[in-house]
There are 2 protein chains.
Amino acid sequence: MARRSQGDRRKTILRVAGRLFSQRGYYGTSIRDIAGAIRLQGGSLYAHIASKEELLWEIVEEAAQAFLSSLEPIVRSERSPVEKLRLAVATHLQVVTERQDAAVVFNHEWKALSPKRRADILARRDAYEALFREILREGIEAGVFRADLNVPLITRFILTALNGVAVWYRPKGPLSPEQIAEAFADWAIRGLQICNPAEVPR
Amino acid sequence: MARRSQGDRRKTILRVAGRLFSQRGYYGTSIRDIAGAIRLQGGSLYAHIASKEELLWEIVEEAAQAFLSSLEPIVRSERSPVEKLRLAVATHLQVVTERQDAAVVFNHEWKALSPKRRADILARRDAYEALFREILREGIEAGVFRADLNVPLITRFILTALNGVAVWYRPKGPLSPEQIAEAFADWAIRGLQICNPAEVPR
DNA sequence: AATTTAAGCAAACGTTCGTTAGCAAAAATG
DNA sequence: CATTTTTGCTAACGAACGTTTGCTTAAATT
């Protein structure tokens with residue numbers, strides 16, 4: 001019988017570590033907790049990982065990558081600002097709901113990283129926020145969004161609200177990620193626009 | 001010389017515990033960290049507190065009280081829904097910025113409480129959210145807010161965005177709590193209203 | 001079938017954790 | 001001034017932490 005491909009076990013460990021880190025936090029989760037969840041002894045994990053922090057790093061860094069790489073093409077595309085914002089909200093929530101544990105850990109546990117890695121993550125988080133701001137800026141320049149918006153501030157509000165979805169979203173809940181995205185975008189964009197048409201344009 | 005009134009030292013401990021819990025999390029902060037921050041030995045804290053969890057509990061429970069008791073009179077008042085929402089946003093941000101550490105701990109560290117205390121906090125958090133929803137509901141009933149709003153969902157968005165301020169707000173930053181409240185309320189209310197006047201009413 | 005490699009266990013390492021005990025100094029109280 | 005109470009120290013407790021070591025079993029390779 002074919003043996004499990006190398007790294008298969010490792011992925012399982014990363015998955016369960018992500019779940020536990022997101023539920024109890026990095027410091028609230030022990031190596032023995034993670035091992036016990038897949039019926040291993042604590043020390044046995046070290047056949048697959050180098051350290052506990054490496055686990056956190058891989059989870060957080062993959063999430064950072066997922067967020068950045070999904071937003072970049074949208075911002076660089078040739079759509080209207082409103083379309084871009086709608087898409088950005090939808091794909092952000094797609095990442096958040098598809099990689100829910102990683103998103104929670106990315107948002108709440110990056111402080112536990114070593115200074116170097118923490119700085120790396122912060123830089124990418126800043127880059128992501130800058131991309132988002134770019135959309136609002138374009139909207140103002142195009143005359144569709146109000147000129148009196150505090151762009152960095154509103155961007156923070158938007159991203160915080162969207163990231164919060166990672167905490168309460170349940171796949172079996174009544175709302176799909178797409179429905180959540182639509183409700184949020186409808187509300188948010190209406191608040192940004194200069195004039196308020198009966199229907200928010202798409 | 002008059003000795004420091006009893007409990008003065010205790011308040012200092014609570015303050016620094018709140019700061020450390022908010023910066024490094026409950027599990028990331030040791031009793032010796034807290035003691036060291038006021039130049040005491042770890043064991044010396046136990047002349048003032050019963051346990052580490054008691055510290056967390058007092059911080060979290062006081063924050064819960066502050067939020068609830070500041071919102072209740074607003075919801076029960078005779079103002080218009082728009083006025084109520086503006087006030088609710090402003091006082092929420094007032095609590096968040098005046099008791100910043102406690103607000104962060106309240107939002108992120110309640111999971112570390114014992115099951116009974118965790119349930120208590122969750123109940124009060126739910127009650128608070130329900131009060132907030134009440135404002136949106138009234139607005140829809142009065143015909144000033146759109147009837148197609150998903151009230152629980154939008155309420156979550158609003159509260160998550162507001163709570164996020166506790167994480168990034170700096171007293172010496174360029175924006176006062178009142179300015180943050182105004183920018184948020186302008187944007188949020190514009191997104192809720194059926195029609196979009198040039199100026200948001202007050 | 002023999003050999004190499006990977007996976008997991010039990011036990012232990014040194015450290016840190018929350019907490020307690022016993023004692024000393026200082027401050028408040030009578 | 002004598003006494004009680006508060007505050008803090010040092011030292012230690014047992015438990016849990018992340019990690020390492022040496023051994024065993026099982027799987028893959030030759």
Side-chain angles (χ1 to χ4, degrees), chain A residues 1-21 23-60 105 109-118, chain B residues 1-21 23-60 105 109-118:
Chain A
M1 190 201 282
R3 152 154 131 200
R4 269 208 275 264
S5 71
Q6 198 207 345
D8 192 9
R9 201 83 171 121
R10 198 164 200 284
K11 270 185 192 153
T12 306
I13 293 170
L14 275 166
R15 221 191 48 237
V16 54
R19 201 186 69 229
L20 291 177
F21 288 168
Q23 285 172 354
R24 318 180 193 169
Y26 179 73
Y27 293 117
T29 305
S30 74
I31 285 288
R32 286 168 180 86
D33 288 339
I34 300 168
I38 50 177
R39 272 176 287 279
L40 291 188
Q41 298 293 322
S44 305
L45 283 196
Y46 289 84
H48 306 277
I49 65 166
S51 69
K52 189 188 175 189
E53 202 216 324
E54 188 195 72
L55 277 179
L56 176 60
W57 169 246
E58 287 197 28
I59 293 165
V60 165
V105 175
E109 305 299 329
W110 56 269
K111 285 187 190 178
L113 289 168
S114 69
K116 203 164 261 177
R117 288 172 162 173
R118 188 166 53 222
Chain B
M1 190 202 281
R3 151 149 133 204
R4 270 207 275 263
S5 70
Q6 198 206 344
D8 193 9
R9 201 83 172 120
R10 197 164 199 285
K11 270 183 192 155
T12 307
I13 294 170
L14 275 166
R15 221 191 47 237
V16 53
R19 202 187 68 228
L20 291 178
F21 288 168
Q23 285 172 356
R24 319 181 193 170
Y26 179 73
Y27 293 117
T29 305
S30 74
I31 284 288
R32 286 166 180 88
D33 288 338
I34 300 168
I38 50 177
R39 272 177 287 277
L40 290 189
Q41 297 294 321
S44 306
L45 283 196
Y46 287 85
H48 307 276
I49 65 167
S51 68
K52 188 187 175 189
E53 202 216 323
E54 188 196 71
L55 277 178
L56 176 61
W57 169 247
E58 287 196 28
I59 293 165
V60 165
V105 175
E109 305 299 329
W110 56 270
K111 285 187 190 177
L113 289 169
S114 68
K116 203 166 260 175
R117 288 172 161 173
R118 189 167 50 221

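These numbers were taken from a predicted model, which means no experiment stands behind them. Reminder, nothing fancy here: chain letters follow the sequence lines and each chain counts from 1.
In this structure, A/Trp57 atom CH2 and D/dG18 atom P are separated by 20 Å, rounded to whole Å. Protein atom CG of B/Asp33 is 11 Å distant from nucleotide atom P of C/dT16, rounded to whole Å. The interatomic distance linking A/Leu40 (CG) with C/dA6 (P) rounds to 17 Å, in whole Å. What separates CZ of A/Arg32 from P of D/dG18 is a distance of 7 Å, to the nearest Å. What separates CG of A/Asp8 from P of D/dA27 is a distance of 15 Å, to the nearest Å. With rounding to whole Å, A/Ile49 atom CD1 is found 10 Å from D/dT19 atom C1'.
Under a 3.5 Å cut-off, the side chain of A/Tyr27 and the backbone N or O of B/Thr29 do not form any donor-acceptor pair. For the pair A/Arg118 (side chain) and A/Leu113 (backbone), a donor-acceptor distance under 3.5 Å is present. Here the side chain of A/Tyr26 pairs no donor or acceptor atom with the backbone of A/Val105 at under 3.5 angstrom.
Summarising the geometry, atom CG belonging to B/Leu40 is positioned 4.5 Å from atom CZ belonging to B/Arg9; distances are rounded to the nearest 0.5 Å.
Of the side-chain N and O atoms in B/Arg9, one or more sit less than 4.0 angstrom from OP1 or OP2 of D/dG8. Residue B/Tyr46 places no side-chain N or O under 4.0 Å from the OP1 or OP2 atom of C/dT20. For the OP1/OP2 pair of D/dT7 and a distance below 4.0 Å, the side-chain nitrogens and oxygens of B/Ser44 include no atom meeting the criterion. OP1 or OP2 of D/dG8 lies within a sub-4.0 Å distance of a side-chain N or O belonging to B/His48.
In summary, A/Arg10 and A/Glu54 engage in a salt bridge, as defined by a charged side-chain N under 4.0 Å from a carboxylate O.
When each of C/dC17, C/dT19, C/dG8 is scored by its nearest atom to the side-chain atoms of B/Ser30, the top-ranked nucleotide is C/dC17. Of the listed nucleotides (C/dC9, C/dG8, D/dG18), D/dG18 has the atom at the smallest distance from the side chain of A/Lys52. With C/dA7, D/dG8, D/dT10 as the choices, the nucleotide that has an atom nearest any side-chain atom of B/Gln41 turns out to be D/dT10. In this structure, of C/dG18, D/dT19, C/dG8, it is C/dG18 that holds the atom nearest to the side chain of B/Ile31.
Heavy-atom distances to DNA chain C give each of B/Tyr27 and A/Arg39 a nearest nucleotide, and the one nearer the 5′ end belongs to A/Arg39.
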